[in-house]
> 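One structure, as structure tokens, below. Some questions next.
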Amino acid sequence: MTKPLGLLVMAYGTPRNLDEVLPYYTHIRRGRAPSDEQLADLVGRYQAIGGVSPLTQITDAQARGIAAILNSDGGRPVRLYQGMKHTAPYIEDAVAAMHADGLDEAIGIVLAPHYSHMSVGGYQKAAREKAEQLEGPKLKLVNQWHLEPAFLDILTSRVREALAACSDPSKAVVVFSAHSLPERILQMNDPYVTQLHESGEEVARRLELKHYRFGWQSAGQTGEPWMGPDILDVLRSLKEEGYEEVVSCSQGFVADHLEVLYDIDIEAQQVAKELGIHLVRTRQMNDDKAFLQALADAVRKCERQGVEE
Ligand SMILES: CC1=C(CCC(=O)O)c2cc3nc(cc4[nH]c(cc5[nH]c(cc1n2)c(C)c5CCC(=O)O)c(CCC(=O)O)c4C)C(CCC(=O)O)=C3C
Ligand SMILES: [Fe+2]
């Protein structure tokens, strides 16, 4: 019997309770503890969304869902391993488990649609380095899947659905957003910005959108410049341009988590309210079957083609 293919599903990870926020934040900051003020600010944001993020459960449902699809599509059976960037089980733990289980080959996919050296590249580096250190399994990694047809279908339908909730869809403006990154990625020939435009433009084309913009959200406070405009400033300038209804599509994220439940649903909603703007957010992908099928498609493609650098 041939050995199963390892399926390494990688995601950001989130603290499981408020006590874990400090070690989590310290890990994100590569071992430097945050100031008391920064910590209190982050704890406050988790408290505002109910104390804990639903991300752990959603990642788990997404990972299991992709594995279930792959194990019923007639292709090579997979064995699922989950590895997080900033919480246990870490990416390195998952690779070590595949090695201990004697798997020869694995495919890795990150639950984020667009590639940046600073985001997906970091997950991949962690996986590659561990696999090299242990001398196996042999890894193939999906770099990006923002143009996977099934993903674009569902992204389009989520924007269509949000527009339908506007009182005058023809006058509403769609704002596509993703996690901001430090501006220095622009000097690194990083594909992130281009890819965000590619998926947003494709949705705009399919829906024949006349009014849409790109913005950034959730920028960090690190003392260096981050990419803008921030979505809050986009809302302010849209108001000046005369728009009264905005659809927010956080296309860089695939789950209901802090960056959506706080940064959009609380913070951006508050600014929209002050401006007198009706802000409608697109539903996140979460464990939607059609979405998980898109990821399964990306995994099979990577299995056939190898590493698409
Ligand atoms: C590109 C990118 C994605 C999208 C791609 C991907 O998914 O990988 C992403 C997703 C996420 N980011 C998340 C959480 C956080 N990210 C932070 C901070 C940072 N993110 C960064 C980048 C990204 N992050 C960067 C460059 C920093 C600054 C580091 C520093 O300071 O040097 C901080 C610290 C405080 C703050 O800045 O808010 C938190 C709490 C959660 C989980 C939410 C939950 O728990 O529900 C998710 C899905
Ligand atoms: Fe983050």
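Start at 1 and go down the list; that is how both ligands and their atoms are numbered.
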> Could you check atom 34 (C) of ligand 1 against the protein and tell me its nearest heavy-atom contact, residue, atom and distance included?
Tyr25 CE2, 3.3 Å

> Does Arg206 come within less than 4.0 Å of Asp153, counting only side-chain N to carboxylate O?
yes

> Could you tell me whether the side chains of Tyr115 and Asp190 share a donor-acceptor contact shorter than 3.5 Å?
no

> Using distance alone, decide if ligand 1 has a nitrogen or oxygen within less than 3.5 Å of any nitrogen or oxygen in His257.
no

> Report the part of Leu261 in contact with ligand 1, treating N, CA, C, O as backbone and CB onward as side chain, heavy atoms under 4.0 Å; options are side chain, backbone, both, neither.
neither

> Tell me the contacting part of Leu181 for ligand 1: side chain, backbone, both, or neither, using a 4.0 Å heavy-atom threshold, strictly below.
side chain

> Within ligand 1, which atoms have a heavy atom of Tyr24 less than 4.0 Å away?
13 (C), 14 (C), 40 (C), 41 (C), 42 (C), 45 (O)

> Would you name the heavy atoms of Pro4 and Leu103 that are closest together and state the gap between them?
O-CD2, 3.8 Å

> Only heavy atoms count here, so choose which of Gly122, Gly220, Ala112, Ala255 is nearest to atom 37 (O) of ligand 1.
Gly220

> Check this for me - ligand 1, Ser53, N or O atoms closer than 3.5 angstrom, yes or no?
yes

> Without hydrogens or angle criteria, can the side chains of Glu274 and Gln270 be said to hold a donor-acceptor pair below 3.5 Å?
yes

> Hey, is the Fe ion (ligand 2) within less than 2.8 Å of some N/O/S atom on Ser218?
no

> How does Thr222 reach ligand 1, if at all, at less than 4.0 Å between non-hydrogen atoms: by side chain, backbone, both, or neither?
side chain

> Atom 33 (C) of ligand 1: which protein heavy atom is closest, and how many Å away?
Ile28 CD1, 3.6 Å

> Starting from atom 22 (C) of ligand 1, what is the nearest protein heavy atom, named by residue and atom, and what distance separates them?
His179 CE1, 3.5 Å

> How far is atom 19 (C) of ligand 1 from its nearest protein heavy atom, and which residue and atom name does that atom have?
Tyr12 OH, 3.6 Å

> For the residue pair Phe176 and Tyr212, does the interplanar ring angle fall in the parallel (under 30°), tilted (30 to 60°) or perpendicular (over 60°) class?
perpendicular

> Okay, side chain of Glu198, backbone of Leu147: is any donor-acceptor separation there less than 3.5 Å?
no

> Has Glu244 got more than 12 heavy atoms of other residues, nucleotides or ligands less than 6.0 Å from its CD?
no

> Which protein non-hydrogen atom lies closest to atom 40 (C) of ligand 1, naming both residue and atom, and how far is it?
Leu42 CD1, 3.6 Å

> Looking only at distances, please establish whether an N/O atom of ligand 1 is found under 3.5 Å from an N/O atom of Lys85.
no

> Using a strict 4.0 Å threshold on nitrogen-to-oxygen distance, state whether Arg184 and Glu224 make a salt bridge.
yes

> Please assess Lys125 against Glu132 for the test salt bridge (Lys or Arg N to Asp or Glu O under 4.0 Å), listing each intermediate value before the final yes or no.
CA-CA 10 Å; Lys125 185 164 178 275; Glu132 274 164 26; over 6 Å; no

> Without swapping roles, check the side chain of Trp216 against the backbone of Trp226 for a donor-acceptor pair under 3.5 Å.
no

> Are Tyr243 and His211 an aromatic pair by the rule of ring centers under 6.0 Å?
yes

> Determine yes or no for a side-chain-to-main-chain donor-acceptor pair under 3.5 angstrom, with Lys85 supplying the side chain and Tyr123 the backbone.
no

> At a non-hydrogen distance cut-off of under 4.0 Å, which region of Tyr115 contacts ligand 1 (side chain, backbone, both, or neither)?
neither

> Which heavy atom of the protein is the closest neighbour of atom 27 (C) of ligand 1, given with residue, atom name and distance?
Trp226 CH2, 3.8 Å

> Heavy-atom contacts with Ser119 under 4.0 Å: which atoms of ligand 1 show up? List them by number with element.
1 (C)

> Looking at Glu105 and Lys3, is any side-chain nitrogen of the basic one under 4.0 Å from a carboxylate oxygen of the acidic one?
no

> Going by distance only, is there an N or O of Gly13 that falls short of 3.5 Å from an N or O of ligand 1?
no

> Please report whether ligand 1 has a polar contact with Arg29, defined as an N or O pair separated by less than 3.5 Å (distance criterion only).
no

> Between the candidates Tyr192, Tyr123, Phe253, which shows the shortest non-hydrogen contact distance to atom 7 (O) of ligand 1?
Tyr123

> Looking at Leu258, which atoms of ligand 1 are within less than 4.0 Å of one of its heavy atoms?
43 (C), 44 (C), 46 (O)

> Between Lys171 and Glu245, does any NZ, NE, NH1 or NH2 come within less than 4.0 Å of an OD or OE carboxylate oxygen?
no

> State whether the shortest distance between N or O atoms of Ser180 and N or O atoms of ligand 1 falls below 3.5 angstrom.
no

> Of the protein's non-hydrogen atoms, which lies at the shortest distance from atom 43 (C) of ligand 1, and what is that distance?
Glu259 OE1, 3.2 Å

> What do you reckon, does Arg45 have a nitrogen or oxygen under 3.5 Å from a nitrogen or oxygen of ligand 1?
yes

> Do Arg30 and ligand 1 have an N or O pair less than 3.5 Å apart?
no

